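These numbers were taken from a predicted model, which means no experiment stands behind them. Nothing fancy with the numbering, it's 1 onward along the sequence.
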Amino acid sequence: MNPSPPAPTTEQVAEWLKQLRLSVITGASEARQHVQHQWRKPLGERVTAGVALADICISANEQNGELHLTCPVNRSRFREGDLLLLHRGDPFEAPRITVTLEEDDETTLLVLIEDVGVDYGALLREPTGWVLDETIVDMSTLIVSALDDIADSSIGREQILPLLHGERTPLLDMQRYADAEAYAHAHGLNPDQTEALAASYATNLAYLIQGPPGTGKTRVLAHLARLLVQDGERVFITAHTHRAINHALNTVVQLAADDPPVIKVGQPARAQDLLVTNYEYFNQSPFAESESGYVVGATPFATRTRRLSDVTFDTVILDEASQITLPLAMMAMLKARRYIIVGDHQQLPPVGAERLAADALERSSIFGLLVGRGYDTLLTQTYRMNAELTRWPSQQFYDGRLQPATPAIAERRIGYPQPPSQFSELLDPATPAIWGVLEQHHATSYNAAEAQLVADLLDTLLQCGLTPAQIGVVSPYRVQAREIRRRLKYRGMAYDLRRQLVIDTVERLQGQERDLIIVTLTTGARDFAATVAAFLFQPQRLNVAITRPRTKLIVLASPTLLTVVPEDATIAAQIDLLADFLHSLPTYPIAQGAP
């Protein structure tokens with residue numbers, strides 16, 4: 001257990017807030033300067049670097065904010081969900097339209113217009129000659145205003161700051177604890193889930209639930225939300241992505257036999273996978289005049305706009321909280337007086353945190369700051385991974401406490417409706433995890449041999465009778481993921497099949513699981529690996545990548561990666577960690593230039 005920090009003085013708290021505010025402003029400025037620096041480079045250079053697409057044609061307009069785009073070639077690093085800038089060739093000159101990439105089928109894209117007042121007719125009058133560039137939306141003004149409210153409001157001074165600085169320790173109401181414990185037993189929760197649910201329900205201020213891979217943290221969150229709503233509480237569920245929010249809200253309603261009062265507030269385009277009703281603004285919802293309990297899901301930013309700015313809650317639940325920065329978390333916390341913080345600091349930290357020193361990295365998220373102070377529960381039973389897949393991450397990240405929930409899960413193996421026609425050793429069900437060794441010395445963020453091998457493996461697995469929904473591919477780099485998808489497309493694989501296959505980076509796979517996962521580490525060039533070492537060897541990234549499968553893990557990697565000799569001792573330790581993992585696996589040598 002980490003002891004609470006000594007109580008700071010008023011002056012120290014003020015200085016801490018000042019530095020936090022400054023970091024937000026500085027970070028936004030640096031991001032803006034980076035994007036503008038990219039924009040000033042020649043278009044051809046940006047296209048080659050994968051940060052722009054040229055010769056775009058607007059092929060259709062649905063009049064609902066969506067645009068259909070086509071381009072002759074797509075070798076970009078763009079990924080669905082990215083914010084992009086659509087323009088006529090100069091990103092500094094009008095017309096400039098901010099869009100979100102919704103669907104990416106190589107040379108055919110669907111984007112959603114984020115700006116208001118766009119003249120659709122004008123777009124269609126000049127359908128050719130458009131360019132897509134990386135962009136950002138600067139939300140620092142909203143974040144800074146929230147930090148100012150933290151300093152000026154009673155809830156900030158009396159609740160949030162004392163909690164963060166260890167001046168207030170949460171207390172439990174033991175009657176509420178007993179009531180929730182009985183509920184948990186009745187609904188089949190395991191002992192750790194029961195403790196997490198009961199303590200979260202009983203706390204007067206805050207509680208943390210640490211959910212390692214496959215341990216059912218979202219299920220606990222959903223049961224907690226239902227308990228609180230039964231008490232008439234107004235519950236706010238938030239996270240760093242719409243995907244995480246939607247998943248949490250869907251889980252709440254999936255647990256229910258009735259029709260629970262759950263909505264989401266936000267853009268309709270972010271609600272396509274929702275099982276609950278989405279409203280653009282809370283005052284349009286049936287809860288606007290309600291005196292009963294309900295659940296509302298939205299981003300932290302929605303609390304600073306007219307979507308939710310005038311709405312207060314009783315409890316805030318922050319999901320995937322290891323990826324929520326302190327300022328964003330504090331923005332959400334202003335909305336209530338009780339905080340349930342759900343996440344896992346051994347999984348991905350906030351974006352960009354890999355650049356921080358180890359001690360700063362731990363505190364970069366709300367979860368990392370508060371975990372270990374005596375008001376948290378670690379869920380220790382995984383319902384995902386078999387015993388072999390669980391063993392190494394359990395020892396390295398969870399003090400050996402993470403275990404398969406049942407003997408049946410521990411012994412689970414991949415099953416193929418038809419035996420593999422090739423790659424029988426790599427795909428052997430008796431070997432739940434294996435290292436496919438490719439001697440690569442020149443590959444950087446793109447590896448043709450690994451991309452070809454992955455495409456061949458995917459073809460074989462589908463021929464074996466596995467469904468696309470059972471398979472996932474993880475790469476550190478978007479360009480490698482795109483190359484694999486491109487190869488599948490030009491082999492003639494149907495679009496619907498390719499959409500069901502998740503081939504993406506670790507960030508996109510966090511929170512997901514598949515029966516079989518292929519990890520393509522891609523890089524073989526030692527010098528390049530050294531330049532991206534803080535990103536490539538990040539332990540949390542490794543943990544997420546190798547804990548996605550239920551039954552089978554195939555890691556494709558060059559041993560050259562393990563020969564990088566960095567000057568930084570922390571990076572050296574991270575390389576040793578990767579070496580320890582790879583050497584814990586049985587190996588299968590793959591000839592140079594495979595397949």
Side-chain angles (χ1 to χ4, degrees), residues 1 155 159-160 162-163 168-212 215-239 244-245 247-258 260-262 287 290-297 312-321 324 329 332-333 335-344 366-367 370-381:
M1 180 185 300
I155 195 169
Q159 293 262 131
I160 298 171
L163 173 69
R168 286 194 61 181
T169 300
L171 301 174
L172 300 182
D173 181 322
M174 298 316 297
Q175 182 57 58
R176 287 175 64 85
Y177 189 100
D179 292 344
E181 193 175 39
Y183 172 98
H185 290 155
H187 287 80
L189 273 63
N190 69 40
D192 295 323
Q193 293 173 336
T194 296
E195 177 186 277
L197 176 68
S200 297
Y201 181 70
T203 187
N204 70 332
L205 179 57
Y207 203 79
L208 276 68
I209 302 172
Q210 184 181 354
T215 54
K217 69 175 180 60
T218 309
R219 182 168 179 247
V220 177
L221 178 160
H223 278 298
L224 174 64
R226 288 188 56 76
L227 270 176
L228 295 173
V229 168
Q230 289 173 14
D231 287 351
E233 287 205 18
R234 300 157 298 168
V235 180
F236 179 45
I237 296 179
T238 191
I245 296 167
H247 177 56
L249 298 179
N250 288 347
T251 305
V252 174
V253 298
Q254 287 169 337
L255 286 178
D258 54 357
V262 183
F287 302 160
S290 176
E291 299 294 328
S292 303
Y294 51 75
V295 175
V296 175
T312 58
F313 299 91
D314 300 297
T315 298
V316 171
I317 302 177
L318 298 108
D319 194 17
E320 299 289 358
I324 301 179
M333 292 164 73
K335 283 294 179 181
R337 290 188 170 270
R338 183 163 58 237
Y339 319 111
I340 308 304
I341 303 168
V342 185
D344 180 10
I366 185 68
F367 196 96
L370 296 180
V371 70
R373 293 190 183 180
Y375 44 92
D376 55 70
T377 294
L378 172 69
L379 306 181
T380 62
Q381 296 186 31

Practice prompt. Evaluate the criterion side-chain contact (heavy atoms from CB on, under 4.5 Å) for residue pair Ile341 and Asp376; output intermediate values, then yes/no.
Written response: CA-CA 9 Å; Ile341 303 168; Asp376 55 70; over 6 Å; no

Worksheet item: Is a donor on one side and an acceptor on the other found under 3.5 Å between the side chain of Gln193 and the backbone of Thr215?
Response: yes

Fill in: Flag, side chain of Asp192 to backbone of Thr380, donor-acceptor distance under 3.5 Å
yes

Worksheet, complete the sentence: Applying side-chain contact (heavy atoms from CB on, under 4.5 Å) to Gln381 and not counting sequence neighbours gives Asn190, Pro191, Tyr383, Ala405

Worksheet item: Which heavy atom of Thr315 sits nearest a heavy atom of Glu233, and at what distance?
Response: OG1-OE1, 2.8 Å

Fill in: Gap between atom CG of Leu378 and atom CD of Glu195 - 0.5 Å precision
9.5 Å

Worksheet item: If you look at every heavy atom in Ala184 and Thr194, which pair is closest and at what distance?
Response: CB-OG1, 3.5 Å

Worksheet entry | Short side-chain to backbone donor-acceptor contact, Gln159 and Arg337, under 3.5 Å | yes

Worksheet item: Do you know the tightest heavy-atom contact between Leu379 and Ala196?
Response: CD2-CB, 4.1 Å

Discussion item. Before you tell me yes or no, could you show the steps for Lys217 and Asp344 under side-chain contact (heavy atoms from CB on, under 4.5 Å), namely the whole-Å CA-CA distance, both residues' side-chain angles and the distance that decides it to 0.1 Å?
Written reply: CA-CA 10 Å; Lys217 69 175 180 60; Asp344 180 10; over 6 Å; no

Worksheet item: Under the side-chain contact (heavy atoms from CB on, under 4.5 Å) criterion, do Asn204 and Arg168 qualify, and how do the steps go?
Response: CA-CA 11 Å; Asn204 70 332; Arg168 286 194 61 181; 4.1 Å; yes

Practice prompt. Take atom CD of Glu291 as the centre, draw a 6.0 Å sphere, and report whether it contains more than 12 heavy atoms from other residues, nucleotides or ligands.
Written response: no

Worksheet entry | Sidechain-backbone polar pair: Asp319 side chain, Ala239 backbone, donor-acceptor under 3.5 Å | no

Discussion item. Using the side-chain contact (heavy atoms from CB on, under 4.5 Å) criterion, which residues pair with Pro260? Sequence neighbours excluded.
Written reply: Arg226, Val253, Ala256, Asp258, Val262

Worksheet item: What's the spacing between Glu181 CD and Met174 CE if we round to 0.5 Å?
Response: 8.0 Å

Worksheet item: Could you give the distance from OG1 (Thr238) to NZ (Lys335), rounded to the nearest 0.5 Å?
Response: 11.5 Å

Worksheet item: For the atom pair CG (Leu224) and OH (Tyr183), what is the distance rounded to the nearest 0.5 Å?
Response: 9.5 Å

Practice prompt. Would you tell me whether Thr203 and Tyr339 have side-chain atoms, one donor and one acceptor, within less than 3.5 Å of each other?
Written response: no

Worksheet item: After noting the C-alpha distance and the side-chain angles of Val342 and Ile317, does the key distance pass the side-chain contact (heavy atoms from CB on, under 4.5 Å) rule?
Response: CA-CA 7 Å; Val342 185; Ile317 302 177; 4.2 Å; yes

Worksheet item: Which atom names give the shortest non-hydrogen contact between Val295 and Phe287, and what distance separates them?
Response: O-CE1, 4.0 Å

Worksheet, complete the sentence: Correct closest heavy-atom pair for Val316 and Ala332 would be CG2-O, 3.6 Å

Worksheet entry | Separation between OH of Tyr207 and CG of Leu197, rounded to the nearest 0.5 Å | 11.0 Å

Worksheet item: What class does the angle between the rings of Phe313 and Tyr294 fall in, given that below 30° is parallel, 30 to 60° is tilted and above 60° is perpendicular?
Response: perpendicular

Worksheet entry | Check: Asp314 side chain, Arg234 main-chain N or O, donor-acceptor pair, under 3.5 Å | yes

Worksheet item: Rounded to the nearest 0.5 Å, how far does CD1 of Ile237 lie from CD1 of Ile245?
Response: 9.5 Å

Discussion item. Suppose we screen for side chain to side chain donor-acceptor pair (under 3.5 Å). Which residues come up paired with Asp179, at least two apart in sequence or across chains?
Written reply: Gln175

